[in-house]
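Worksheet: one structure, shown below.
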Amino acid sequence: MIQLKVNGVEQSFDGEPEMPLLWYLRDVLDLTGSKFGCGAGLCGACTVHVNGQATRSCLTTMRDAAGKEVTTIEGLDKDGLHPVQRVWMEINVPQCGYCQAGQIMQAASLLNSKKKPTDQEIDEAMAGNICRCGTYQRIRAAIKAAAGEMT
Amino acid sequence: MVYASVEHPPVLGGKVKSYDDKEALKVRGVHQTVPIDPFQQAPGFQPVGGIAVIADNTWAAFQGRKKLNISWDNGPNETFNSDEYKNELRATSHNPCKVVRNIGDADAVFVKGGKVYEGDYYVPLMAHASMEPLVALAEFKDGKATLWAPTQNPQAVQDIVSKELGISKEGVICHVTLLGGGFGRKSKPDYVAEAAVLSKKVGRPVKVVWTREDDIKFDYYNAVASMYMKAPLGANGKPTAWLQRSVFPPIPSIFDVNTVYGEPAHLQQGWTDIPYDLPNLRIENGPAKAHVRIAWLRSVANIYHAFAIQCFTDELAHAAGRDPVDYLLDLIGNPRTIDFKGGQYPNYGASMDVYPWETGRLRRVTEMVAEKSGWGKRNHGKGTGIGIAAHRSFLTYVATVVEVEVDDQGEVRIPRVDTVLDAGLVVNPEATSSPVRRRRGIRHKYCAKRRDYGDQGRHRPIEFSGLSGGSDCRGALSDECIHRRW
Ligand code: FES
Ligand code: FES
């Protein structure tokens with residue numbers, strides 16, 4: 001039996017330990033905010049926080065998630081108003097929206113570790129999160145705006 | 001609800017000869033496997049067929065699928081090879097094809113001899129690669145089907161699902177979800193029909209999830225195309241005659257495999273409507289048989305047609321020793337309305353009276369983008385080049401200047417892009433500017449601005465400038481862009 005915490009709630013799982021966390025979140029817990037884009041760590045759509053760190057849930061097995069604290073986009077803020085989410089709305093970042101939960105989780109984790117990231121640090125932290133709609137310019141602007149709000 | 005992942009035939013049009021699911025059924029969470037019939041030619045929006053693995057969750061279905069042991073009959077496209085196909089298209093384009101528009105007598109000029117410039121342009125198959133791989137949920141119950149799907153075309157869903165299940169259209173309800181990106185792919189509901197067929201066979205609600213690999217492998221691609229161009233240059237370096245041939249597998253081939261010529265609806269897309277004022281012009285289209293599914297992808301045939309015409313124009317400008325912007329404007333000629341008498345020009349289904357083809361508007365976006373980009377005024381260092389292209393696509397006039405840097409390693413970087421477009425009356429500026437901005441997955445400072453051109457009549461060009469210095473965007477919505485991603 002695997003124990004873990006998801007969005008602050010204790011969960012236990014007795015299924016296949018090799019199952020990626022992404023499918024546990026989506027298909028078992030019905031937390032469908034984390035998205036499937038590639039299943040191979042190439043797109044970032046599935047990004048969640050594991051013990052506070054941005055992590056690709058498609059490559060994290062349930063075995064690896066055991067004993068960890070997982071936060072998904074649903075748990076980032078109970079009202080969906082984390083500073084990153086707020087600026088995301090103000091700047092109107094999303095187009096189709098499919099990559100955005102991953103982008104936001106990645107950005108929130110960056111701002112946790114770096115209060116005022118430089119352009120280069122933003123580029124490096126966000127490089128693994130692909131947006132097919134090309135919202136990159138606004139993502140960067142939003143991260144900068146959120147950095148202002150979080151200090 | 002159960003989850004399904006489908007092992008499709010490795011080649012389009014293939015079918016299952018036999019299969020063994022013993023190992024697949026041993027995967028924890030897998031319930032059963034279900035064969036899906038291959039489509040009857042032509043493919044249309046039918047499911048592509050294969051073996052579905054039905055499971056408790058998506059991952060178990062994926063795992064089960066890997067354990068299937070299937071022997072395939074690859075069908076009529078088994079020997080299709082894209083390199084050979086490219087050569088075939090090119091060879092076709094080097095010989096006389098079907099004339100789709102003609103002015104004057106280009107051949108009479110060609111036989112006079114002299115230096116003739118030729119160009120071959122090729123655009124490969126392109127996949128839509130929507131961010132969300134294809135997915136659909138279907139529930140077949142009491143003779144009725146209810147679908148939840150990201151689809152651009154719920155009417156087509158109704159149509160194909162009613163056919164596949166043998167029920168009336170009234171018995172098909174389609175709930176449209178958020179799209180997850182579509183770009184045209186999700187107007188082809190083969191994946192929704194797949195879910196419906198499976199739900200009927202399994203007797204439960206079924207959610208079909210395609211992998212990224214499925215999504216790319218079984219796309220309805222934007223057509224591969226080969227274009228051949230030919231022109232001799234006269235006084236001032238202007239072409240005295242112009243021949244262009246395009247060869248591409250046409251979209252209607254998904255409904256009739258014997259369709260090999262482009263139809264007016266796609267030839268009009270930047271091909272039969274080349275806006276140049278030339279005394280001798282011949283436009284041709286050659287046959288190409290499709291071996292994969294071909295269909296609409298944003299801007300469709302404009303992609304390869306604009307690419308060929310605008311590249312060839314630029315090469316001729318260089319051959320003539322002329323400035324590419326001057327040269328382009330010279331070819332577009334004086335402001336006038338193009339007369340398509342004697343040819344077929346559907347004008348994207350819009351009235352020619354309300355939406356005439358006005359070369360003056362193409363000139364204006366060209367002139368404006370040249371000015372805004374600092375054409376001719378900026379210094380370009382070693383390994384840097386700048387190019388211009390102008391085009392009318394779906395009734396919108398657009399001109400773009402792109403600066404490109406190539407380093408010693410051959411790495412390409414695009415430091416700056418300027419685009420001006422005239423779409424007529426813009427009702428929703430945000431919805432217009434966002435998709436234009438998307439084209440810029442590049443490292444530069446970038447600004448978009450919309451001005452009120454109220455004094456210039458009903459057409460208000462919108463300009464989007466990527467500015468490396470980023471200074472003259474007063475009052476503008478200014479966005480900053482990050483690295484190229486792919
Ligand atoms: S789905 Fe995890 S990185 Fe793409
Ligand atoms: S908003 Fe569509 S993929 Fe990013």
Side-chain angles (χ1 to χ4, degrees), chain A residues 14-30 32 35-40 42-45 58 61-62 91-100 102-103 119-145, chain B residues 1-3 27-30 55-63 128-133 135 150 177-183 186 207 209-213 215-216 430-431 433-448 464 466 477-486:
Chain A
D14 65 353
E16 186 55 60
E18 291 308 309
M19 180 195 240
L21 174 61
L22 172 67
W23 297 113
Y24 170 71
L25 295 170
R26 290 185 54 84
D27 295 354
V28 181
L29 296 186
D30 213 15
T32 52
K35 303 301 185 192
F36 168 60
C38 66
L42 301 169
C43 75
C58 71
T61 62
M62 288 307 288
I91 295 182
N92 198 9
V93 174
Q95 287 191 28
C96 82
Y98 195 76
C99 71
Q100 299 289 335
Q103 306 277 7
D119 284 359
Q120 202 191 334
E121 284 164 344
I122 294 176
D123 288 356
E124 276 164 17
M126 302 304 292
N129 289 73
I130 286 175
C131 175
R132 171 69 170 91
C133 299
T135 62
Y136 300 118
Q137 303 151 41
R138 288 191 180 182
I139 288 171
R140 199 207 254 185
I143 292 173
K144 292 193 149 184
Chain B
M1 177 174 81
V2 288
Y3 296 81
V27 172
R28 193 165 165 192
V30 168
D56 277 346
N57 60 68
T58 313
W59 189 71
F62 287 174
Q63 295 311 105
H128 300 77
S130 311
M131 198 69 196
E132 179 175 32
V135 65
T177 67
L178 281 175
L179 199 57
F183 317 108
K186 292 173 188 173
K207 178 172 173 182
V209 182
W210 285 35
T211 62
R212 173 60 61 204
E213 292 86 337
D215 181 73
I216 303 288
E430 168 66 19
S433 66
S434 294
V436 175
R437 245 187 243 120
R438 65 180 289 126
R439 313 266 148 144
R440 297 156 215 298
I442 45 184
R443 185 198 319 206
H444 66 150
K445 285 196 176 163
Y446 172 79
C447 113
F464 304 89
L477 163 68
S478 180
D479 280 347
E480 289 191 324
C481 172
I482 44 185
H483 281 151
R484 212 167 76 130
R485 301 301 163 125
W486 49 71

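Order of the sequence lines sets the chain letters (A, B, ...), proteins ahead of strands, with each chain counted from 1.
- Under the rule for a side chain to side chain contact (heavy atoms under 4.5 Å, CB included), the partners of K186(B) that lie at least two apart in sequence or sit in another chain are S130(B), E132(B), L134(B), P150(B), Q152(B), L179(B), Y191(B).
- In terms of heavy atoms, G180(B) sits closest to C96(A) at C-SG, 3.7 Å.
- Atom CE of M19(A) is separated from atom CZ of F62(B) by 11.0 Å, given to the nearest 0.5 angstrom.
- Closest non-hydrogen pair, H128(B) versus R132(A), comes out as O-NH2, 2.6 Å.
- Of the listed residues (T58(B), V209(B), L178(B)), the one with the most heavy-atom contacts under 4.5 Å to chain A is T58(B).
- Judged by the 6.0 Å and 45° rule, R212(B) forms no cation-pi pair with F36(A).
- When each of R26(A), E18(A), K35(A) is scored by its heavy-atom pairs under 4.5 Å with chain B, the top score falls to E18(A).
- Counting heavy-atom pairs under 4.5 Å between each of A431(B), P133(B), G181(B) and chain A puts P133(B) at the top.
- Interface remark: of the candidates A40(A), P20(A), C43(A), P20(A) forms the most heavy-atom pairs closer than 4.5 Å to chain B.
- Counting heavy atoms from C-beta outward, W59(B) and E16(A) have side chains that approach closer than 4.5 Å.
- E213(B) meets the side chain to side chain contact (heavy atoms under 4.5 Å, CB included) test with T211(B); sequence neighbours excluded.
- Put simply, the side chain of N57(B) never gets that close to the backbone of D27(A): no donor and acceptor are under 3.5 Å apart.
- Residues F183(B) and C133(A) have side chains in contact (heavy-atom distance under 4.5 Å, counting atoms from C-beta outward).
- Separation of atoms CD (Q95(A)) and CE (M131(B)) is listed at 13.0 Å; rounding is to 0.5 Å.
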